[in-house]
Each structure stands twice: as structure tokens, then as C-alpha cells.
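Below is one structure, written out as C-alpha cells, with a few remarks after it.
Values reported hereafter were calculated over all heavy atoms of this structure, with side chains retained and with hydrogens, waters and symmetry mates removed. Convention: sequence-line order gives letters A, B, ...; per-chain numbering from 1.
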Amino acid sequence: MTDFANRLIAWQKVHGRHDLPWQNTTDPYAIWVSEIMLQQTQVSAVIGYYAKFMARFPTIAALANATQDEVLQHWSGLGYYSRARNLHNAAQTIVDEHSGMFPQDFDTIQTLSGIGRSTAAAIASFAFHQVQTILDGNVKRVLTRHFAIAGWPSTPKIEKALWQLAEKLLPQSDMVAYTQGLMDLGATICTRSKPKCTTCPLNESCLARQQNLTTILPTPKPKKSIPEKNTTMLILRQGNEIMLIKRPSSGIWGGLWSFPEYDENTLTSNDYATIALNQFGISATADSALPTFSHAFTHFKLHIKPQPLTITKQTLQAREAGFIWLNIEDAIGAAIPTPIRNILLYLHKHPS
DNA sequence: AAGTCGGGGCG
DNA sequence: CGCCCAGACTT
């Protein structure tokens, strides 16, 4: 047992978090769902989603039997929607290939869609008390500081060294407290800015603290400029109903419902009524555009111009595959991305 | 090794 | 406004 692990475990039992909604259970499904929701997502953002998701999909079988659209509906607004598609797919794999029981073998867990080494280790330690280490953003920050490791932690070389280091630090028991302690320390003590070193259980051996490196470790990700894109979204409207199209499963907002969208940089004409007629067989008149707003992603920035059109005559059935007409209230509760929801809320608040 | 995937919280 | 978060997957 390493001293590192000893102090972390003792600290977690007294000062760590013990009442999060996914704690105090050994149900691998409940733990699995939480770990997927928490990937690249802070605890405060997950709290509002977790209970609703578990109430609607209480078991692996319930999730496997649901439609992808309903799963995405319960993920709407949380982001990284491939997580929801992978979760759904993995539930069906467990039913089909593992008799509906969540696998316990560490390597087998990692064969499931959306579960890599770190998430597998979190599930294996929390649900099955296996001795496996996680390596998430919290742990990378704790380790690079405690052992004064320079360089962006997500480069393959440093990441490999961090995995090996994390393995060596593992205890042989108390894995629930240890894994939770790694997370809790990074989230509450060894924070990105203003770490609370005076109350840290590992402060005496922390090299970054000894060498005054806590402000420059971990080494930040190299910054690169991101492109900006301009898009127009057509809001085809008939009374209180609007038209949504299903986005392809790959790419941004995969599988979600959205407005028809046109790249302003390649659009040859701004005759949106003609576009509506040619693309959808819908006669409509363009109204004045809503205020343009911006939405930031990790790798580009999107400027969205919402363009409402009022339907005068509908010459095509609107129930083709990939199209749906919903009243605004129902659309707000559908599987839609956040900017679409914001537009719908605006329309709901400003009836024309 | 680099790019793709959201959205929100916080200084 | 920039950075990061209980990362995984694709190219």
C-alpha cells in the first residue's frame, strides 16, 4: 500500500463526497450511466439529467428496448450525443451477448461502445471493487502537480507515463474510497485555479507545491485558432407548428432534430422562399429574420441566422422519412440541440 | 498524432 | 472571452 493511497483513502472517508445521486450503490448499470454522463461534463450539469434518465430507463433491458429517439430526447442539452447513441447500443449488446448482465471482466467491459479504459476502471472499481486505475482530467491534474510532470498531459507520451504512474499508486483494497478520492481531490482541493493546498492530504509530498509550480501545472493544451461558420436555419411555420428534420447520425448533433440549415458562404441566393419550394415542395413567404446569435463549439464557432417563413400552401406531405411537424411546445421537449431549443423558446415567448 | 464530438461553469 | 470538465472514437 502506497503512502499516497493511504492518505487519499483516509481523506476521502472524512472529507470526500458521499451523497451524489450515483453513489452508495453497487448496481453497475446505475454507475455506468453516471460515468458516461460525466465524461467531459461537470457534476453540476449532470445532476439535472441523471434522475430523469434513470426513472425512464431503470434497467439495462429498459434502455435496450427504447428507441434511439427517446434516448436522445433524455440527453437533449447535455451534449456529446454520441455518448447517448453508444450507451443505447451497448445496452443492446449486453442483452444480446451477455444475457442482460453487465460484464465484470475488465477487458470485456472495454469492448462496449463508449467505454474506454478510464470509464471501465471507474465502473470496475465502484461496482466490482476491482483494482484498476482511472485517468481522467482530475487525476491528470493531481498527478502532474504532485510529481511535477511538465508537458500537456494528453500527449501520448505523457499520458502513457501517467497511466503507469497511476497503476503504481493503486492500493490493494478500499478501491471505492480510493477512486472516489482521486475524483474528489481534483474536484474540490486540487482545482485548476486556486488549489486549496493547505488542506490537501498530499501536500507534504507534492513536488509542485515545493517548487511553486502549482500555477503552471498541468501544462495547458496548446491553443489553436478555430474557424467560424455562418449558417441560416429555415423555420417553416404553419400556425403553431414548425418543421424539423432529422440530422444524419454522424457529424454535429448526430441523430437530433433540427431546422433545415444552409451554409451562408456557399448559398448562391438568399431567396429562402424558392429554397423552401425546391427542397420541400412548400409554398411560403419569408418573414424578417430573427436576430443572429452565436454558438461556440470546441473546434469552431457558429453564427446562426434564424429565418422564419410562413406557409401559404403545402404541396408535399410533410410526413416523409426524416421530416416532422410539431407544435412549438412539443418541439421544445423533443430530441433537439440547445440552439434550436433557444430559438423555439424565443418563438414561444414572442408569438407572431 | 491530430481531429471530431456540446454545453456550461467560472475566473 | 478563454479554458476546462468523472473521454472515446475516428482518421
Side-chain angles (χ1 to χ4, degrees), chain A residues 16-17 20-23 31-50 72 75-87 89-90 109-126 132-142 152-160 162-163 166 176 178-188 190-195 215 218-227 247-256 258 294-302 335-342:
Chain A
R17 298 172 292 185
L20 294 170
W22 42 86
Q23 288 183 295
I31 294 165
W32 171 35
V33 171
S34 77
E35 291 304 327
I36 300 301
M37 283 192 173
L38 288 159
Q39 286 173 357
Q40 296 291 283
T41 309
Q42 294 181 346
V43 167
S44 58
V46 169
I47 296 280
Y49 284 82
Y50 183 74
L72 286 172
W75 211 272
S76 174
L78 197 53
Y80 281 135
Y81 299 97
S82 64
R83 296 183 296 174
R85 298 194 303 272
N86 286 333
L87 188 70
N89 177 60
I109 294 173
Q110 291 180 70
T111 66
L112 296 169
S113 304
I115 302 182
R117 180 174 174 183
S118 188
T119 299
I123 298 170
S125 60
F126 285 142
Q132 299 286 350
T133 186
I134 60 170
L135 185 62
D136 59 19
N138 285 319
V139 182
K140 286 177 178 176
R141 187 169 54 254
V142 169
W152 183 45
S154 292
T155 60
K157 181 179 178 178
I158 296 180
E159 187 164 291
K160 183 181 179 183
L162 290 173
W163 275 115
V176 174
Y178 179 76
T179 301
Q180 190 66 50
L182 284 175
M183 297 169 171
D184 291 349
L185 192 73
T188 66
C190 197
T191 50
R192 181 164 67 88
S193 60
K194 298 183 179 177
T215 56
T219 304
K221 177 181 182 173
K223 57 179 89 172
K224 58 189 67 173
S225 61
I226 59 171
R247 300 181 65 93
S249 57
S250 65
I252 202 80
W253 298 329
L256 272 67
S258 183
S294 299
H295 188 77
F297 296 92
T298 308
H299 49 301
F300 67 96
K301 187 171 184 179
L302 193 60
I336 57 173
T338 292
I340 303 303
R341 175 164 290 108
N342 289 338

Could you tell me whether [X] contacts a base, only the sugar-phosphate backbone, or nothing, with contacts defined as non-hydrogen atoms closer than 4.0 Å?
X: A/Gly186; result: nothing
X: A/Ile134; result: nothing
X: A/Arg141; result: sugar-phosphate
X: A/Gln23; result: nothing
X: A/Ser113; result: sugar-phosphate
X: A/Trp75; result: nothing
X: A/Thr119; result: sugar-phosphate
X: A/Ile31; result: nothing
X: A/Ile115; result: sugar-phosphate
X: A/Thr298; result: base

- request: Start with the C-alpha distance between A/Arg141 and A/Thr191, add both sets of side-chain angles, then the distance that settles side chain to side chain donor-acceptor pair (under 3.5 Å), and finish with yes or no.
  value: CA-CA 8 Å; A/Arg141 187 169 54 254; A/Thr191 50; over 6 Å; no
If you measure from the [atom1] atom in [N] to the same atom in [M], how many Å do you get, rounded?
N: B/dG6; M: C/dC3; atom1: C1'; answer: 15 Å
N: C/dA8; M: B/dG9; atom1: P; answer: 23 Å
N: B/dG11; M: C/dA6; atom1: P; answer: 15 Å

message: Please list, in numerical order, the residues of residues 219-227 of chain A that have a heavy atom closer than 4.0 Å to any atom of DNA chain B.
response: A/Lys224
query: Between A/Ser154 and C/dG7, does any side-chain N or O lie under 4.0 Å from OP1 or OP2?
result: no
message: Would you say A/Gln39 places a side-chain N or O within less than 4.0 Å of OP1 or OP2 belonging to C/dG7?
response: no
Nucleotides bounding contact with chain A, strand DNA chain B, heavy-atom threshold 4.0 Å: B/dA1 to B/dG9
field: Minimum-distance nucleotide (side-chain atoms of A/Tyr80 versus C/dG7, C/dC1, C/dG2)
entry: C/dG7
message: Assess the residue pair A/Thr298 and A/Tyr80 against the criterion (side chain to side chain contact (heavy atoms under 4.5 Å, CB included)); give the C-alpha distance rounded to whole Å, side-chain angles, the decisive distance to 0.1 Å, and a yes or no.
response: CA-CA 11 Å; A/Thr298 308; A/Tyr80 281 135; 4.0 Å; yes
task: Using the six-membered ring wherever Trp is involved, compare the ring planes of A/Phe297 and A/Trp253 and label them parallel, tilted or perpendicular (cut-offs 30° and 60°).
output: tilted
